[in-house]
Q: 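I'd like to ask some things about the structure below.
The analysis underlying the following values was restricted to heavy atoms, covering all of them including side chains, and did not include hydrogens, waters or symmetry mates. Just so it is clear: chains get the letters A, B, ... in the order the sequence lines come, proteins before strands, and each one is counted from 1.
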Number of protein chains: 2
Amino acid sequence: MSSELRNLNEVTVRAPATVANVACGFDCLGFALETPFDEITLRRVDRPGIRIEHLDGFGLPTDPARNVVGTVLGSVIRAAGGDLGFEAVVTKHIKPGSGVGSSAASASAAAVAANELLGSPFSRPELVEFARDGEFTACGARIADNVSASIFGGFTLVRTTEPTADVIALEFPELHATVLHPQIEIKTADARALLRNEIPLPTAVRQWGNVGALVAGLARGDYGLIGRALEDFVAEPYRKVLIPGFDDLKSASLRAGALGGGISGSGPSVFMLSANGSAARAVESAMDRVYSGSGIDYNIYVSPVSRTGAATFR
Amino acid sequence: MSSELRNLNEVTVRAPATVANVACGFDCLGFALETPFDEITLRRVDRPGIRIEHLDGFGLPTDPARNVVGTVLGSVIRAAGGDLGFEAVVTKHIKPGSGVGSSAASASAAAVAANELLGSPFSRPELVEFARDGEFTACGARIADNVSASIFGGFTLVRTTEPTADVIALEFPELHATVLHPQIEIKTADARALLRNEIPLPTAVRQWGNVGALVAGLARGDYGLIGRALEDFVAEPYRKVLIPGFDDLKSASLRAGALGGGISGSGPSVFMLSANGSAARAVESAMDRVYSGSGIDYNIYVSPVSRTGAATFR
């Protein structure tokens with residue numbers, strides 16, 4: 001009984017890192033990794049309001065109004081209509097600014113944890129909207145692609161964000177990601193500024209031809225088609241200059257057996273997709289060889305594309 | 001034995017009308033109808049060269065260099081490397097300029113018929129390239145979307161046309177099309193001139209979000225998703241002014257039960273998709289009510305989306 005009571009009042013949720021854009025799917029496609037993830041232990045308390053503690057060393061603000069988790073909990077409290085109290089202990093494993101959805105993972109974990117403690121009154125699309133409020137705190141825009149992948153897991157397509165995100169969980173075969181995170185800073189605003197506001201119609205046609213082809217390739221498990229569709233004519237040609245050695249990373253990865261890849265989100269991380277774990281590890285070695293002499297600190301993650309999104313850990 | 005010989009020397013092929021663009025999929029998506037279709041009876045003859053006779057009354061040129069069928073047969077002969085002779089008798093049932101792939105149907109029929117007579121040395125992707133040469137004769141561009149749908153049948157996605165068309169035959173559920181053809185002339189060049197050469201990035205994102213969603217909806221037979229994805233932000237807003245009553249046709253069709261629709265190709269035909277035959281016929285009645293007092297001559301076709309493309313008829 002005391003253990004049951006504790007379960008009702010406290011929950012720990014892990015929410016995964018995510019790769020947004022996925023080459024051709026600028027601002028609409030994303031997928032979830034198994035690792036790394038952010039973790040939040042959330043407790044219902046009698047005293048109304050939100051208190052946040054960070055166990056990680058990233059120096060993020062703990063003022064709820066300026067904290068991603070605080071923003072999301074605030075949105076949940078407003079929607080639930082109660083005078084609720086939450087205490088959150090956050091352990092981020094995903095470095096902010098890495099381009100694999102660090103803020104999205106914290107936001108998604110907060111939304112899922114709060115929903116769990118309240119007896120699951122909200123649907124996953126509603127949780128996505130709460131988590132998007134956290135993205136607004138992190139970057140000034142209610143970006144939907146990372147939080148959708150982190151909450152739903154797997155491969156997701158955000159068909160539109162108007163008036164709310166229409167998230168489609170795509171069918172997909174076994175896939176493994178290799179993600180290299182160069183420890184350099186790229187501000188999302190700078191990455192955005194590099195993009196053209198208008199794109200030539202023929203370029204747009206090639207891009208949506210690839211989006212359709214990627215969705216079809218994922219649905220039928222056609223690895224060749226997936227590989228052909230992983231092209232980006234909209235962001236990669238302009239943004240890759242921000243990532244030292246991008247072309248070498250890509251060509252070495254393809255030679256090592258990757259299906260394809262590109263820039264993760266707005267960078268600086270670079271992702272590659274492979275059909276199996278051994279290919280993903282061969283890609284890891286290839287990326288490592290390209291970066292080992294670069295003088296830039298880096299991490300490489302190798303992870304299956306996760307079929308589960310943010311979920312209770314214990 | 002004599003009947004076998006005749007089979008080797010003569011073949012009749014029917015190739016279906018097609019709807020290109022399919023709302024969101026400008027220049028890459030298409031689907032095939034069962035009716036109407038163009039029919040070609042092709043005969044191998046000893047005398048080298050191409051002779052063409054039209055049994056329809058459209059007044060098309062019969063000079064092989066200026067005729068769609070002639071162009072395609074010329075491309076096949078060059079690829080086959082022989083000094084071959086063909087006689088073609090063409091019966092077009094699809095009115096040129098209707099926006100449902102009239103030239104594409106003739107081109108596809110010619111490519112499939114010639115391949116059949118030669119013992120099928122060419123793959124379907126190769127036949128698409130021959131048929132694209134016919135499109136060049138018809139409209140000055142090697143358009144791929146109509147011929148791909150007419151040759152492959154069903155729903156097709158042309159991922160790219162460079163260097164050759166990468167055609168993906170999509171999975172799709174039972175679907176029925178209602179197509180209204182107003183007997184007005186829209187030149188493809190005029191329809192093209194209305195389009196913007198550049199499109200705003202946010203508009204492009206909405207368009208490829210819908211392309212991905214439509215492919216996903218087709219793959220899983222999710223009619224609601226198919227309907228939501230049938231939006232066009234690129235061509236319809238500009239081209240619909242060329243089609244009298246377009247908005248009324250669309251709203252009446254949706255009220256009658258259509259999933260969605262838009263302009264077929266570059267117009268003037270308007271297509272709607274429905275989940276079953278009775279809905280497609282209800283849409284036909286709704287379209288008929290909109291147009292019956294318009295003073296414009298029109299035809300309405302109701303047809304399942306065909307699962308077979310251009311094929312031998314007898």
Side-chain angles (χ1 to χ4, degrees), chain A residues 21-22 24-30 144-145 148 155-162 165-172 192 195-222 224-235 238, chain B residues 21-22 24-30 144-145 148 155-162 165-172 192 195-222 224-235 238:
Chain A
N21 294 351
V22 196
C24 53
F26 182 78
D27 266 7
C28 74
L29 286 174
D145 42 9
S148 296
F155 249 97
T156 49
L157 170 74
V158 180
R159 188 185 67 82
T160 182
T161 54
E162 296 173 25
D166 185 1
V167 182
I168 299 145
L170 300 174
E171 305 292 314
F172 64 100
R192 283 263 158 188
L195 300 179
R196 304 300 185 255
N197 293 325
E198 305 230 313
I199 57 177
L201 184 54
T203 302
V205 169
R206 294 191 75 176
Q207 195 87 0
W208 62 62
N210 278 320
V211 171
L214 182 56
V215 172
L218 291 170
R220 68 180 60 165
D222 180 339
L225 180 54
I226 292 169
R228 295 202 302 282
L230 288 170
E231 291 185 307
D232 176 12
F233 301 103
V234 169
Y238 308 108
Chain B
N21 295 350
V22 197
C24 53
F26 182 78
D27 265 7
C28 73
L29 286 175
D145 41 10
S148 296
F155 248 98
T156 49
L157 170 74
V158 180
R159 188 185 67 82
T160 182
T161 53
E162 296 174 23
D166 185 2
V167 182
I168 299 146
L170 301 174
E171 303 293 313
F172 65 100
R192 283 265 157 185
L195 299 180
R196 305 300 186 253
N197 292 325
E198 305 231 314
I199 58 177
L201 183 54
T203 302
V205 169
R206 295 191 75 176
Q207 195 87 1
W208 61 63
N210 278 320
V211 170
L214 181 56
V215 172
L218 291 170
R220 69 180 60 166
D222 180 338
L225 181 54
I226 292 168
R228 295 202 302 283
L230 287 170
E231 292 185 308
D232 177 11
F233 300 104
V234 169
Y238 308 108

Q: Please look at B:A216 and chain A and tell me whether the side chain, the backbone, both or neither of the residue comes under 4.5 angstrom of a heavy atom of that chain.
A: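 When you check distances to chain A, atoms from both the backbone and side chain of B:A216 fall under 4.5 Å.
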Q: Measuring heavy-atom distances to chain A, does B:L225 have an atom under 4.5 Å in its side chain, in its backbone, in both, or in neither?
A: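 The side chain, not the backbone.
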Q: Please state whether the side chain, the backbone, both or neither of A:I168 comes within less than 4.5 Å of a heavy atom of chain B.
A: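 Interface part for A:I168: side chain.
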Q: Could you look at A:R196 and say if it's the side chain, the backbone, both or neither that has a heavy atom under 4.5 Å from chain B?
A: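 Contact with chain B: backbone only.
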Q: Tell me the closest heavy-atom pair linking A:L157 and B:G212, and the distance in Å.
A: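 Here A:L157 and B:G212 meet closest at CD2-C, 3.4 Å.
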Q: So which of B:V158, B:L170, B:N210, B:D27 has the largest heavy-atom pair count under 4.5 angstrom toward chain A?
A: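 Looking at each option in turn, the highest pair count goes to B:N210.
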Q: Name the region of B:L195, side chain, backbone, both or neither, that has any atom closer than 4.5 Å to a heavy atom of chain A.
A: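 Interface part for B:L195: side chain.
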Q: Would you say that A:L201 contacts B:E198 through its side chain, given a criterion of any heavy-atom pair below 4.5 Å between the two side chains?
A: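 They are not in side-chain contact.
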Q: Do B:R206 and A:T160 have side-chain heavy atoms sitting under 4.5 Å apart?
A: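 When only atoms from C-beta onward are counted, A:T160 and B:R206 do touch, with a gap below 4.5 Å.
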Q: So what's closer than 4.5 Å to chain A heavy atoms on B:D222: side chain, backbone, both or neither?
A: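 Neither part.
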Q: When heavy-atom pairs shorter than 4.5 Å are enumerated against chain B, which of A:L29, A:D166, A:T161 gives the highest number?
A: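 It is A:D166.
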Q: What are the two closest non-hydrogen atoms of B:R159 and A:R228, and how far apart are they?
A: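 What the structure gives for the nearest pair is NH1-O, 3.0 Å.
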Q: B:A235 versus chain A, heavy atoms under 4.5 Å apart: side chain, backbone, both or neither?
A: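 Neither part.
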Q: Output all residues satisfying side-chain contact (heavy atoms from CB on, under 4.5 Å) with B:P202, sequence neighbours left out; order by chain, then residue number.
A: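 Checked B:P202 against side-chain contact (heavy atoms from CB on, under 4.5 Å); matches are B:P200.
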Q: A:G209 and B:C28: which non-hydrogen atoms are nearest, and at how many Å?
A: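 Taking A:G209 first and B:C28 second, the nearest heavy atoms are CA-SG, 4.2 Å.
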Q: Measure distances from A:N197 to the heavy atoms of chain B and classify the residue's part below 4.5 Å as side chain, backbone, both or neither.
A: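 Only the backbone of A:N197 comes within 4.5 Å of chain B.
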Q: Which heavy atom of B:A204 sits nearest a heavy atom of A:I199, and at what distance?
A: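 For B:A204 versus A:I199, the nearest heavy atoms are CB-CD1, 3.7 Å.
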Q: Give me the ring orientation class for B:F26 and A:W208: parallel if the planes are under 30° apart, tilted from 30 to 60°, perpendicular past 60°.
A: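 It falls in the perpendicular class, over 60°.
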